[in-house]
Each structure stands twice: as structure tokens, then as C-alpha cells.
Amino acid sequence: MDPVAALRQIAFYKDRAREDSRRVMAYRTAADIVERLDEAQREHLGRTRGWQSLPGIGPKTATVIEQAWAGNEPDTLTALRAAAQDLGGGAVRAALKGDLHLHSNWSDGSAPIAEMMAAAQQLGHEYCALTDHSPRLTVANGLSAQRLREQLDVIDDLRARFAPMRILTGIEVDILDDGSLDQEPELLERLDIVVASVHSKLKMDSTAMTRRMVRAVSGGQANILGHCTGRLVEGNRGLRAESAFDAEAVFTACRDHGVAVEINSRPERRDPPTRLLKSALEIGCVFSIDTDAHAPGQLDFLGYGAQRALDNDVPVDRIVNTWSVDKLLAWAAA
Ligand SMILES: [Zn+2]
Ligand SMILES: [Zn+2]
């Protein structure tokens, strides 16, 4: 077995199982290190069992490499595969054709664009949008207009490699306090998918928050309203209450302006809460089930979001990422 593939698969299963992402990174770093070696170097290290002499390879990753090098599936990988659970979603998960919200290490994701896309391809996605953060979110290394333009060139160079999977360009753009979006309008216009999310002043009063969100989804540039309440319900980032806003007003504006309400699959978010999901459904909104992945293995979180759609009887034809890429892009451009 190829040691590089083994290390990456282990990282995938660990991310998917929500292990500490910094520890998981050690496996991906080790994969990068081995990948850079030429055949002669690999032969030498394999014969002398000298993998740990490489900076960045520790006892655990060295064992994986040795076992793979000897032609066996590493024990760690076998154990992780056996322990991997179905993340749910059933028929809804099966109908999903892609993911419209995820991050690379250009902002606060932990993997390069190509690695995220390789994982998406292996999951069988027909399309996948890259949506890194916008400038104002400096804690997440949000992309300036200039860096976003550079990223668009990088994506162009990657397209052929991942065809027929379609890489869609995108952004998770901050909804600023006044409801305007945190990126140049011409640039937003160029992107395939614009996810608009509130990341600051989540506690502003309901009237102001409602005005802010309604403006954001009514301006003709947003396609998806990301994690609408901002709540955190579990996990190492702590808990956070929902933002207060007039859900009927916001979801009505989403419906009227063709903006999808995101069902955010991250287990610590579970956003929107069930009562709001039901409200958006009643009002007639469409939905996008997204992972908001910050690591390759998290791209499999779609099952969590799909399960929530299933539990709440969201019709599959109202989930935009069950649509064909042509239908999706026509909707997003309208
Ligand atoms: Zn976000
Ligand atoms: Zn995000």
C-alpha cells in the first residue's frame, strides 16, 4: 500500500470522527513529507527503517509508513475504517451532488485547496464550491480582494485535474453591521456561489439584526444565508446563544430574493434550530446542505445536515445542492 495514501486516509477518518484537528494535521504533514521523497530516498528509508530520521515523522506516523511500505494496510487505518459510522441522511444524503460551503488553508481551513478537492472528488461530488472568508474576518485570515483574485487563478489551474468534478468559485462573505457584504461587488458578481454569514456582533438587538440580515439577502449578490443564528451547541469552542432576529421577515426575504437558507452540517452548529428550519420550510425557502468543512474528512459531514433535512421532511427538490450543476448555476446567477 502507498504510505502517502495510507496517511491521508487515516487523516480523513480522524477528521471525520471529529478528532483534534491539530493532531490530525500530523498525518497530513507526514504524507506531504513522504510524497516529496524520490524513489531512491524511499527505498533507502524503507530498507533501513529510518523514517523517523525525517523531521516531522514521529513514532505513530513512522509505524503507519512502515506497515504500508511492507505492503500491508496499516493497523491504524484498519481500526479507523472499522469504527467509522454512518453519519446519516439516508435518501437525502444520496441525492446530494456537491457541497457549497468549505474552507481551505487560504483562510482558516487546515488543508490546501487541492487536498480539499481531492477529498470531495473521492466522496463522489459532481461539484464543490470553495468559500474562504472575506477580509474583515482577520482572525480567520480572510482574503483581500487581491488574494481572492489570485485564488481564482489557482482554481483555474486546478480545474482540469479534478474534471469531471466541477470546482465552483465562491466566498463566505461577512455580513457587516449595516447588512452590506464584505467584498468588492464586482468580485462577488464574478463568483459562482456567495455564502453570506454573520460572524460579528451576534448579540445586536433583534430589530437591528433583522434589518442587517434582510438587507444582506436582498441585495442580489448573496446565494446562501450561512449558519443563520450563529449558535454553538457543543464542542471545544464553547456554547453560544442564537442571535435574535425576526425569522419570518428574514426567511421571507430569502424566499423573495432566491437565497437559500443553509442547513449547516457542523455538529457544533446544527443551524438553523429545528423551529426555524420548520419556519423556513413553511415560508417556502429553498435550502443548501453544506459542511462548512475546515479539513478534508469534514467534507463527509453532509450526512449530519442531510439527516436534519430528512427529520424535518424537507423535499429533495427544494435542496439546491441536489440540483444539476447547470440548474444550480442558473439559479445562482439569476
Ligand atoms: Zn461562517
Ligand atoms: Zn464557513
Side-chain angles (χ1 to χ4, degrees), residues 15 18 21 98-113 116-117 119-120 128-143 147-148 151 167-177 179-183 188 191-204 209 212-213 216-217 221-243 245 250 254 259-273 276 287-302 304-305 320-321:
D15 280 329
R18 301 161 60 190
S21 56
D99 198 339
L100 302 178
H101 180 177
L102 53 114
H103 302 273
S104 75
N105 63 2
W106 282 57
S107 63
D108 60 348
S110 62
I113 300 169
M116 295 299 287
M117 292 304 155
C128 192
L130 178 65
T131 57
D132 275 315
H133 288 288
S134 66
R136 240 18 125 77
L137 207 59
T138 49
V139 290
N141 196 20
L143 275 59
R147 285 182 69 221
L148 180 53
Q151 186 179 69
I167 305 178
L168 306 180
T169 59
I171 186 172
E172 182 181 17
V173 66
D174 263 50
I175 299 174
L176 300 176
D177 295 359
S180 59
L181 302 181
D182 180 31
Q183 190 48 278
L188 292 177
L191 301 171
D192 294 320
I193 295 293
V194 174
V195 180
S197 309
V198 171
H199 290 117
S200 60
K201 294 210 181 146
L202 282 97
K203 289 180 180 160
M204 74 173 22
M209 184 61 98
R212 178 183 184 185
M213 292 172 77
V217 299
Q221 300 214 277
N223 303 122
I224 297 169
L225 175 61
H227 50 69
C228 63
T229 76
R231 72 173 185 171
L232 292 175
V233 294
E234 60 169 87
N236 55 14
R237 293 162 69 193
L239 304 185
R240 191 162 61 209
E242 297 171 23
S243 295
F245 56 90
V250 171
C254 284
V259 171
V261 174
E262 179 180 74
I263 299 177
N264 190 292
S265 300
R266 295 195 67 85
E268 78 274 24
R269 286 196 181 274
R270 294 178 60 80
D271 213 352
L276 293 188
F287 298 88
S288 181
I289 299 176
D290 299 326
T291 61
D292 198 356
H294 287 69
Q298 295 175 359
L299 288 166
D300 216 5
F301 285 179
L302 278 181
Y304 291 130
V320 298
N321 50 331

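Ligands are counted one by one from 1 in listed order, and the atoms in each one are counted from 1 as well. Residue numbers run from 1 in the order of the sequence given.
In summary, Arg18 and Glu234 engage in a salt bridge, as defined by a charged side-chain N under 4.0 Å from a carboxylate O.
Between Gln183 atom CD and Gln221 atom CD the span is 10.0 Å, to the nearest 0.5 Å.
At a cut-off of 3.5 Å, with distance as the only test, no side-chain donor of His103 or Gln298 sits close to an acceptor on the other residue.
The Zn ion (ligand 1) has an N, O or S atom of His199 inside 2.8 Å of it. Because the distance cut-off is set at 2.8 Å, His103 qualifies as a neighbour of the Zn ion (ligand 2) through one of its N, O or S atoms. Between the Zn ion (ligand 2) and His133 there is no N/O/S contact shorter than 2.8 Å.
Distances from the Zn ion (ligand 2) to each N, O or S atom of Glu172 single out OE1 as the nearest. With respect to the Zn ion (ligand 2), Asp292 has OD1 as its nearest N, O or S atom.
At a threshold of 4.5 Å between non-hydrogen side-chain atoms, the residues Asp108 and Asn141 do not count as touching.
Within 6.0 Å of CZ in Arg136 there are 12 or fewer heavy atoms belonging to other residues, nucleotides or ligands.
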